[in-house]
Amino acid sequence: MKKSAAKSSPAKAKPAAAKNLPGKGRKALITGITGQDGSYLAEFLIAKGYDVHGIIRRSSSFNTGRIDHIYLDPHVKGGRLKLHYGDLCDANNLAKLVRETQPDEVYNLGAQSHVRVSFDMPVYTAETVAMGALKLLEAVRVFQAESGKQVRYYQASSSEQYGKVLEVPQTEKTPFYPRSPYACAKLMAHWATVNYRESYGMHASCGILFNHESPRRGETFVTRKITRAVGRIKVGLQDKVFLGNLDSKRDWGFAGDYVKMMWMMLQQEKPDDYVVATGRTITVREFAQMAFDYAGLSWKKHVAFDPRYLRPAEVDLLLGDPAKAKRKLGWKPETSVEQLAAMMVEHDLELARREKTLRDAGHSMPDFAGHDQ
Ligand code: NAP
Ligand code: F7E
């Protein structure tokens, strides 16, 4: 097995003084802070000296696993992450949180973000993704008008908006053709953001991000589903992973690289929309082969087809052109898809080893029942 330059494990919480950091005195409000991107963005902003406010959903079980390492008990001096209960479906609560936290920057990352699930829950997906963004934009607009303070707004747009692509590679000028309830909802949120910029002069920008992954990726997205399986197969905890369409092509980057670009967009004098991508595309099959190869396993032996993972309408090919991000902001991705796969497999091998140790010691562990996508 090769050695990876893994950047996966979360840093331990340190109440680093914000003194002399560029973000000192600035406040960011993040929806979706408990998700993959929210956790990397919160880390990034705290390291810059920001005070970060995150909106979390009330849940009957803990849902803060991705940010626990940066959260400090409010009684400990120096904590710069504060969490607030809220939901993108609740306009009053969003308006109250914007008023109370008085942010300089708002990052709207919250979403029902699973494309396959959006076919099962189209209305809820539209409520969180489309109406949620509109509710938050409106909360920001009213707060700005009442307080006179400028707030910079980031909208998490998606390459899924290109859907049945009308141009290869996709740029900021490529027309959209959404292929799922999720993508339709993201399109509404995207245009609402553009409209608030044009109508009210808001500093509102959309990052059209292509697929980005990490060891913190949700386990029902295909890359993580594969790397989790590789880890468990390697240590003998399972034998097969069932997948759907292996032919679709995605432009996969590392989430840690992409959150930097979210912040860079809000530091520009003028708001704008940017494609954030690597400029390289591979099939799901090739990603699987890469991940299995890395662990010294044969993907052909362990990958099986299950039609339940096919979608009513598929997005066959995504390939982004990040030239504008490079030209205007000097941003470029730093992690190749090979490094990404290695980082994720390393992480998931470790998780599988721990699981095996516990099972061997007689602990009963849940399987992935209920997380079948
Ligand atoms: P993710 O891991 O699925 O995280 C989604 C976040 O949204 C979680 O914190 C989730 O909370 C929260 N959320 C869900 N429903 C909500 C609601 N009704 N009210 C408030 N919060 C809610 O997604 P991600 O990969 O970090 O992606 C971040 C954003 O970028 C999303 O908007 C996604 O659609 C978009 N995007 C992602 C990609 C990608 O490849 N990752 C590409 C383009 C765009 P819980 O933890 O409580 O579930
Ligand atoms: O699927 C195929 C599937 O679910 C990728 C979200 O972050 O990125 C993500 O959306 C491809 C598709 O991501 C399985 O059919 C095969 O072609 O990992 P995924 P996604 O749909 O591209 C965009 C940019 C977002 O904005 C979204 O929020 O893989 N595939 N077999 C499978 N996919 C899954 N999930 N499970 C399978 O078993």
Side-chain angles (χ1 to χ4, degrees), residues 30-42 54-59 61-67 85-90 93-94 107-118 121 124-125 127-129 131-133 135-136 154-163 179-180 182-183 185-186 189-190 206-214 216-226 229 241-255 258-259 262 276-277 283-285 287-288 303-311 313-318 320 371-373:
I30 305 177
T31 71
I33 194 164
T34 55
Q36 170 187 257
D37 292 6
S39 68
Y40 282 108
L41 180 65
I55 300 182
I56 62 168
R57 299 196 287 174
R58 195 270 157 182
S59 157
S61 52
F62 291 123
N63 59 359
T64 53
R66 292 188 180 102
I67 49 171
Y85 283 117
D87 196 297
L88 281 162
C89 298
D90 184 346
N93 163 272
L94 291 174
Y107 296 86
N108 184 29
L109 309 185
Q112 188 304 92
S113 73
H114 202 286
V115 174
R116 175 66 192 83
V117 172
S118 78
M121 305 174 74
Y124 177 71
T125 301
E127 291 288 353
T128 63
V129 173
M131 293 306 293
K135 285 168 186 164
L136 188 57
Y154 174 85
Q155 171 58 31
S157 290
S158 167
S159 55
E160 279 293 301
Q161 293 165 202
Y162 295 116
R179 294 273 281 172
S180 64
Y182 168 81
K186 278 287 179 193
H190 178 99
C206 301
I208 310 171
L209 269 55
F210 283 61
N211 297 53
H212 47 281
E213 322 290 309
S214 73
R216 297 184 204 167
R217 185 57 144 152
E219 299 188 9
T220 60
F221 296 96
V222 78
T223 55
R224 189 77 200 287
K225 185 172 169 181
I226 290 168
V241 58
F242 292 90
L243 300 175
N245 180 12
L246 298 182
D247 294 322
S248 57
K249 294 179 113 177
R250 292 290 183 274
D251 178 330
W252 276 296
F254 173 50
Y258 286 26
V259 297
M262 296 177 185
V276 184
T283 60
V284 172
R285 181 182 295 99
F287 185 90
V303 173
F305 174 68
D306 186 334
R308 94 172 72 184
Y309 303 118
L310 298 177
R311 294 161 184 199
E314 179 61 283
V315 171
D316 296 320
L317 163 65
L318 291 175
H371 301 285
D372 187 30
Q373 280 302 330

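First listed ligand is number 1; within each ligand, the first listed atom is number 1. All values below were derived from every heavy atom in this structure, side-chain atoms included, with hydrogens, water molecules and symmetry-related copies excluded.
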- Message: With heavy-atom distances below 4.5 Å as the criterion, would you say the side chains of Gln161 and His190 are in contact?
- Response: yes
- Query: Non-hydrogen atoms of Arg217 versus ligand 2: any pair closer than 4.0 Å?
  - Reply: yes
- Sub-4.5 Å side-chain heavy-atom contact between Val222 and Phe287: no
- Query: Where's the contact between Tyr124 and ligand 1, heavy-atom distance under 4.0 Å: side chain, backbone, both or neither?
  - Reply: side chain
- Within-shell test, Arg116 vs ligand 2, heavy atom, strictly < 4.0 Å: no
- Item | N or O contact, Gly244 vs ligand 2, cut-off under 3.5 Å | yes
- Query: Counting both backbone and side chain atoms, is some N or O of Thr223 under 3.5 Å from an N or O of ligand 2?
  - Reply: no
- Query: Within the structure, does Val284 bring an N/O atom to less than 3.5 angstrom of an N/O atom in ligand 2?
  - Reply: no
- Message: So for Asn63, does at least one of its heavy atoms come nearer than 4.0 angstrom to any atom of ligand 1?
- Response: yes
- Among Phe221, Tyr40, Phe210, Tyr182, closest by any non-hydrogen atom to atom 36 (N) of ligand 1: Tyr182
- Item | Mode of Ser248 contact toward ligand 2 - side chain, backbone, both, neither (heavy atoms, under 4.0 Å) | side chain
- What atoms of ligand 1 come within less than 4.0 Å of a heavy atom belonging to Asn211? 40 (O)
- Query: Should Glu213 be listed as contacting ligand 2, given a heavy-atom distance under 4.0 Å as the test?
  - Reply: no
- Item | Closest protein heavy atom to atom 1 (O) of ligand 2, given as residue, atom name and distance to 0.1 Å | Arg311 NH2, 3.5 Å
- Query: Measuring from the heavy atoms of Ser157, does anything fall under 4.0 Å of ligand 1?
  - Reply: yes
- Would you say ligand 1 has an N or O under 3.5 Å from any N or O of His212? yes
- Query: Does the pair Arg250/Glu314 count as a salt bridge with the N-to-O cut at 4.0 Å?
  - Reply: yes
- Applying a 4.0 Å heavy-atom criterion (strictly less than), which segment of Ser59 is in contact with ligand 1: side chain, backbone, both, or neither? neither
- Note on the structure: At under 4.0 Å between heavy atoms, what of Leu246 touches ligand 2? The answer is neither
- Message: Suppose I only count heavy atoms of Thr128 and a 4.0 Å limit; which atoms of ligand 1 are within that range?
- Response: 18 (N)
- Task: For Arg217, take its heavy atoms, then give the atoms of ligand 1 lying under 4.0 Å from any of them.
- Result: 25 (O), 39 (C), 40 (O), 41 (N)
- Item | Shortest protein heavy-atom distance from atom 38 (O) of ligand 2, along with the residue and atom involved | Lys225 NZ, 2.8 Å
- Query: How far is atom 36 (N) of ligand 2 from its nearest protein heavy atom, and which residue and atom name does that atom have?
  - Reply: Gln373 O, 3.4 Å
- ligand 2 to His114, heavy atom cutoff 4.0 Å, flagged ligand atoms 35 (N)
- Query: Just heavy atoms, cut-off under 4.0 Å: does Asp87 contact ligand 1 by side chain, backbone, both, or neither?
  - Reply: both
- Item | Shortest protein heavy-atom distance from atom 27 (C) of ligand 2, along with the residue and atom involved | Ser113 O, 3.3 Å
- Task: Run the salt-bridge test on Arg285 and Asp247 with the 4.0 Å N-O cut-off and return the result as yes or no.
- Result: yes
- Task: Provide the number and element of each atom of ligand 2 under 4.0 Å from a heavy atom of Val115.
- Result: 10 (O), 21 (O)
- Message: Please determine whether any non-hydrogen atom of Lys186 lies less than 4.0 Å from an atom of ligand 1.
- Response: yes
- Task: May I ask whether Glu127 places a heavy atom under 4.0 Å from ligand 1?
- Result: no
- Query: Which atoms of ligand 1 are found less than 4.0 Å from any heavy atom of Gly35?
  - Reply: 2 (O), 4 (O), 8 (C), 9 (O), 26 (O)
